[in-house]
Protein chains: 2
Amino acid sequence: MKAKSLPSKTGLFPALPLDQVIVGDCIAAIEALPPASVDMVFADPPYNLQLGGDLRRPDDSLVDAVDDDWDKFASFAEYDAFTRAWLSACRRVLKPDGALWVIGSYHNIFRVGSILQDLGFWMLNDIVWRKANPMPNFRGRRFTNAHETLIWAARGESSKYTFHYEALKGGNDDLQMRSDWYLPLCTGDERLKDEAGVKVHPTQKPEALLARVMLSASNPGDVVLDPFFGTGTTGAVAKALGRRFIGIEREQSYARAARARIDAVEPLPPAAFATAPSKRTEPRVAFLSLVEAGLVKAGERVFDVKRRHEALIRADGTLLLDPVVGSIHKVGALAQGLPACNGWTFWHVERDGAPVLLDSLRGEIRAQMAAA
Amino acid sequence: MKAKSLPSKTGLFPALPLDQVIVGDCIAAIEALPPASVDMVFADPPYNLQLGGDLRRPDDSLVDAVDDDWDKFASFAEYDAFTRAWLSACRRVLKPDGALWVIGSYHNIFRVGSILQDLGFWMLNDIVWRKANPMPNFRGRRFTNAHETLIWAARGESSKYTFHYEALKGGNDDLQMRSDWYLPLCTGDERLKDEAGVKVHPTQKPEALLARVMLSASNPGDVVLDPFFGTGTTGAVAKALGRRFIGIEREQSYARAARARIDAVEPLPPAAFATAPSKRTEPRVAFLSLVEAGLVKAGERVFDVKRRHEALIRADGTLLLDPVVGSIHKVGALAQGLPACNGWTFWHVERDGAPVLLDSLRGEIRAQMAAA
DNA sequence: GAAATTCGTGAATCGGACC
DNA sequence: AGGTCCGATTCACGAATTT
């Protein structure tokens with residue numbers, strides 16, 4: 001990695017430590033940087049998860065939770081003070097036309113978003129990272145927590161921020177890029193592991209996510225500051241895409257792993273690194289979607305091709321075959337006394353006096369989704 | 001529509017105005033309700049949009065933006081004070097095990113989320129409503145704003161909130177429902193229009209969204225309060241799904257439209273929305289009952305699916321795995337060296353040469369109980 | 001060697017009835 | 001209010017292992 005520093009103009013601040021990882025407290029480190037010197041901030045701050053006891057999977061294995069010291073805060077007030085401090089520091093070093101990205105979950109993102117508005121940042125979008133493979137909800141007590149939220153905000157209301165509209169559109173089948181992004185978690189070879197095969201950092205982000213951020217909202221040569229550098233995904237992607245980075249990380253071990261990782265990155269010609277395409281599998285359709293779309297009605301009856309079996313459609317997308325309630329598949333299997341059944345190709349509804357297979361109604365929903 | 005009021009117990013508050021639309025300021029109206037009287041709140045508050053000038057499409061037509069007086073706030077502080085007031089009022093009237101849903105966009109949802117955390121609400125999920133057909137970003141200066149965010153929060157950390165996990169899973173191809181929901185906007189016949197064909201309300205929400213909320217997190221007969229009733233989507237869906245509602249709306253014209261709309265709603269047949277029995281709600285059966293009913297015999301042997309472990313049934317409904325005596329769960333856990341075990345789904349008995357799970361024998365007992 | 005099966009794991013605020 | 005114990009609960013993907 002080529003380390004380079006820009007000369008300081010005033011002498012009050014040291015030169016800009018480009019393409020380097022600074023080990024230390026992020027607030028102090030940012031305050032040591034000259035004002036208006038950075039084009040973009042990408043921040044992945046602690047989420048303040050507030051976990052209770054252990055969580056076990058149905059197979060009784062233990063979930064490896066984020067219980068690191070750096071994610072412990074005594075109260076919302078303490079977390080807010082911390083958030084205000086690093087966001088203020090970032091705002092000072094941002095150029096007038098610069099912008100900030102921050103990622104979080106429902107535990108912290110509302111605090112971060114409010115404070116950033118209070119500080120004068122101008123919100124441009126909130127972006128939803130839809131996870132292709134999220135961890136399930138093992139106890140069945142909530143919806144699967146299948147996304148995280150990013151906020152994209154300009155330094156101020158009048159900032160002339162960077163946005164590569166045409167590039168994003170071209171990488172998205174000539175459709176405008178939406179605010180919901182579907183990307184897999186960071187796994188496999190991309191996930192940093194130590195000699196023992198243990199993950200180096202509990203929350204390493206996928207490079208595709210950072211790449212989409214930088215490609216859409218920064219220019220080659222831009223300086224990207226990451227105050228919570230971790231194992232350096234921001235640095236690795238910045239180097240690959242011809243951006244400069246400044247990384248700040250409190251933990252020596254993370255910083256060391258980040259440096260080694262970034263050294264191994266081979267820069268790409270930006271044209272070669274198009275926006276990561278989202279996986280093109282046929283979208284799964286919930287039977288509930290057919291109810292919601294009005295293609296079938298709650299209270300209506302479904303039946304098999306020989307009209308030997310019949311069931312009632314319920315408003316929640318289950319079927320009732322008295323007294324059993326279950327999915328189209330489960331109830332189809334039950335009706336036939338079989339261990340399994342594909343409800344899409346078993347059940348029909350009546351349309352204009354003729355039976356119509358659920359599967360063909362599913363096709364209509366898929367056509368709508370493809371058009372969107 | 002049948003309007004009904006529950007009698008007030010104390011006389012301090014008037015009776016609960018069920019299935020009615022109250023015209024007036026929402027905070028005053030909520031404060032007139034008795035405490036701990038409502039099962040769920042659904043709120044679609046003003047978004048504080050902060051639009052600048054007019055917005056025009058590429059063909060120079062004017063976008064009909066939200067510029068109503070009710071969405072005007074002088075500052076974040078004023079919006080926060082308003083938000084704190086209505087959220088506090090809602091929290092007072094929520095039952096201890098009640099929950100609140102609120103929907104918003106990046107303009108306001110971070111303020112709302114922070115404040116509800118500050119007030120003691122306990123966040124359960126943030127839900128992303130992915131719009132099938134969002135309005136494009138005409139200027140091409142940002143990502144298409146293709147989603148809105150809902151927050152689902154219990155009244156407090158220890159609230160025993162309602163969640164119909166199995167129903168949602170059944171309507172979703174037997175997979176857990178995720179936190180990202182894909183639904184179309186409210187358009188077509190569902191969108192209320194006046195005689196001139198102009199939409200009555202600028203932000204009418206789709207009924208499918210409300211239906212999914214109520215089906216997942218309320219029970220038939222529950223009371224749902226909507227402090228920003230608008231044209232009454234909450235009321236229409238509540239009536240269809242056998243819930244009760246209390247609507248509060250400031251604008252007489254919206255309230256009038258809502259009443260007419262709800263009057264025209266035909267409730268679904270109860271079987272289409274009745275809460276399906278889940279394992280958690282089914283009556284508890286003692287293993288001793290199986291012995292007493294003769295479904296298993298004292299002295300008979302139970303074994304696991306791979307016949308690696310075996311134990312003896314005792315007349316008192318315990319198992320003997322020499323030298324230990326204990327419940328089917330304890331002995332199952334002990335046999336496997338695990339901290340816990342569900343004996344119902346672990347142990348089998350032999351019937352006609354084939355292994356039969358205790359859980360299926362329990363099903364027979366339950367069927368007998370239901371028939372009796 | 002190819003295909004099928006098993007195993008490991010990811011930012012998680014993940015009971016409740018009864019005594 | 002606190003302790004005890006019943007018994008309900010997982011999806012996608014990649015890697016490793018077996019057939």
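In this text, all values refer to a predicted model and were calculated from it rather than measured experimentally. Below, chains carry the letters A, B, ... as their sequence lines are ordered, and counting in each starts from 1.
- A donor N or O paired with an acceptor N or O is not found under 3.5 Å between the base of D/dT9 and the side-chain atoms of B/Arg280.
- One interatomic measurement links the two molecules: CG of A/Asp59 to C1' of C/dC14, which rounds to 15 Å at whole-angstrom precision.
- With 3.5 Å as the limit, one finds no donor-acceptor pair spanning the side chains of B/Ser159 and B/Arg155.
- Here the side chain of A/Ala132 is nearest to one of C/dG10, C/dT13, D/dC13, namely D/dC13.
- Each of A/Thr203 and B/Tyr161 has a nearest nucleotide on DNA chain C; the 5'-most of these lies closest to A/Thr203.
- Judged purely by distance below 3.5 Å, without hydrogens or angles, the side chains of A/Tyr79 and A/Asn108 pair a donor atom with an acceptor atom.
- Residue B/Asp126 is out of contact with every strand shown, counting any heavy-atom pair closer than 4.0 Å.
- Look at B/Ser327 and you'll find a side-chain N or O under 4.0 angstrom from OP1 or OP2 of D/dC6.
- What separates CD of B/Gln176 from P of C/dC14 is a distance of 14 Å, to the nearest Å.
- Atom-to-atom, CZ of B/Phe287 to C1' of D/dG7 comes out at 15 Å; the value is rounded to the nearest Å.
- Under 3.5 Å, the side chains of A/His147 and B/Asp126 contain a donor-acceptor pair of N or O atoms.
- Comparing C/dG10, C/dA12, C/dA11 by their closest approach to the side chain of A/Leu51 singles out C/dA12.
- The CD atom of A/Glu148 sits 14 Å away from the C1' atom of C/dT13 (whole-angstrom rounding).
- At a threshold of 4.0 angstrom between heavy atoms, the contacts of A/Leu55 include nucleobase atoms, whether or not backbone atoms are also involved.
- Residue A/Phe138 and nucleotide C/dC14 are not classified as a stacked aromatic pair, given the requirement of ring centres less than 5.5 Å apart at an interplanar angle below 30°.
- The distance from atom NZ of A/Lys72 to atom P of C/dA11 is 16 Å, rounded to the nearest whole Å.
- At the phosphate of C/dT9, neither OP1 nor OP2 sits under 4.0 Å from any side-chain N or O atom of A/Arg57.
- Base pairing analysis places C/dC14 opposite nothing; no Watson-Crick or G-U wobble pair with both distances below 3.5 Å involves it.
- Side-chain atoms of A/Arg57 and A/Ser61 form a donor-acceptor pair, as typed in the model, at a separation below 3.5 Å.
- Contact between the side-chain N/O atoms of A/Arg191 and the OP1/OP2 oxygens of C/dG10 is not found at any separation under 4.0 Å.
- In this structure, B/Asn342 reaches the D/dA8 phosphate: one of its side-chain N or O atoms is under 4.0 Å from OP1 or OP2.
- Within the 6.0 Å centre-distance limit, the rings of B/Trp152 and A/Phe143 are counted as a close aromatic pair.
- A/Lys72 forms no cation-pi arrangement with A/Trp70, by the criterion of a distance under 6.0 Å to the ring centre and an angle within 45° of the ring axis.
- As rounded to whole Å, 10 Å separates atom C1' of C/dT13 from atom CD of B/Gln117.
- A close approach under 4.0 Å does not occur between any side-chain nitrogen or oxygen of A/Lys131 and OP1 or OP2 of D/dA12.
- Rounded to whole Å, the separation between the C1' atoms of C/dT13 and D/dT4 comes to 25 Å.
- Comparing the C1' positions of C/dC18 and C/dC14 gives an interatomic distance of 22 Å, to the nearest angstrom.
- Taking 90° from 0 as the syn/anti boundary, the base of C/dT5 is oriented anti.
- No contact: B/Glu282 has no heavy atom under 4.0 Å from any strand.
- At whole-Å resolution of the value, CG in A/Asp189 and C1' in D/dC13 are 13 Å apart.
- Remark: B/Lys169 is in phosphate contact with D/dT10, judged by side-chain N or O atoms under 4.0 Å from OP1 or OP2.
- Looking at B/Asp173 and A/His329, their side chains do bring a donor and an acceptor atom within 3.5 Å of each other.
- Using a 4.0 Å heavy-atom distance criterion, A/Pro206 is classed as making no nucleic acid contact.
- Across C/dA11 and D/dC6, the matching C1' atoms stand 31 Å from one another, rounded to whole Å.
- Here the nucleotide nearest the side chain of A/Met135, chosen from C/dT13, C/dA11, C/dG10, is C/dG10.
- A close approach under 4.0 Å does occur between a side-chain nitrogen or oxygen of A/Arg141 and OP1 or OP2 of C/dG15.
- Looking only at atom types and distance, the side chain of A/Thr144 has a donor-acceptor partner in the side chain of B/Gln176 under 3.5 Å away.
- Nucleotides C/dG10 and D/dA8 have their P atoms positioned 29 Å apart, rounded to a whole Å.
- Relative to the ring axis of A/Trp181, A/Arg212 places its NZ or CZ within 45° and under 6.0 Å from the centre.
- Minimum atom distance to the side chain of A/Leu49 is reached by C/dA11, of the listed C/dC14, D/dC11, C/dA11.
- Listed pair B/Arg362 / D/dA8 meets the phosphate criterion, a side-chain N or O lying under 4.0 Å from OP1 or OP2.
- A residue-by-residue look at A/Ser61 and A/Gly140 shows that A/Ser61 has its nearest nucleotide of DNA chain C further toward the 5' end.
- Counting any heavy atom pair closer than 4.0 Å across all strands shown, A/Gly197 reaches no nucleic acid atom.
- Base-pair partner of D/dG14: C/dC7 (Watson-Crick or G-U wobble, both distances under 3.5 Å).
- Between A/Asn145 and the phosphate of C/dA11, there is no side-chain N or O to OP1/OP2 separation shorter than 4.0 Å.
- Here the nucleotide nearest the side chain of A/Gln50, chosen from C/dG16, C/dT13, C/dA11, is C/dT13.
- In this structure, A/Trp70 reaches the bases: a heavy-atom distance under 4.0 Å links it to at least one base atom across the strands shown.
- C/dG10 atom P lies 14 Å from atom CD of A/Glu190, rounded to whole Å.
- At a threshold of 4.0 angstrom between heavy atoms, the contacts of A/Asp64 are confined to the sugar-phosphate backbone, with no base atom among them.
- For the pair B/Tyr165 and B/His329, both in contact range of DNA chain D, the more 5′-proximal nearest nucleotide belongs to B/His329.
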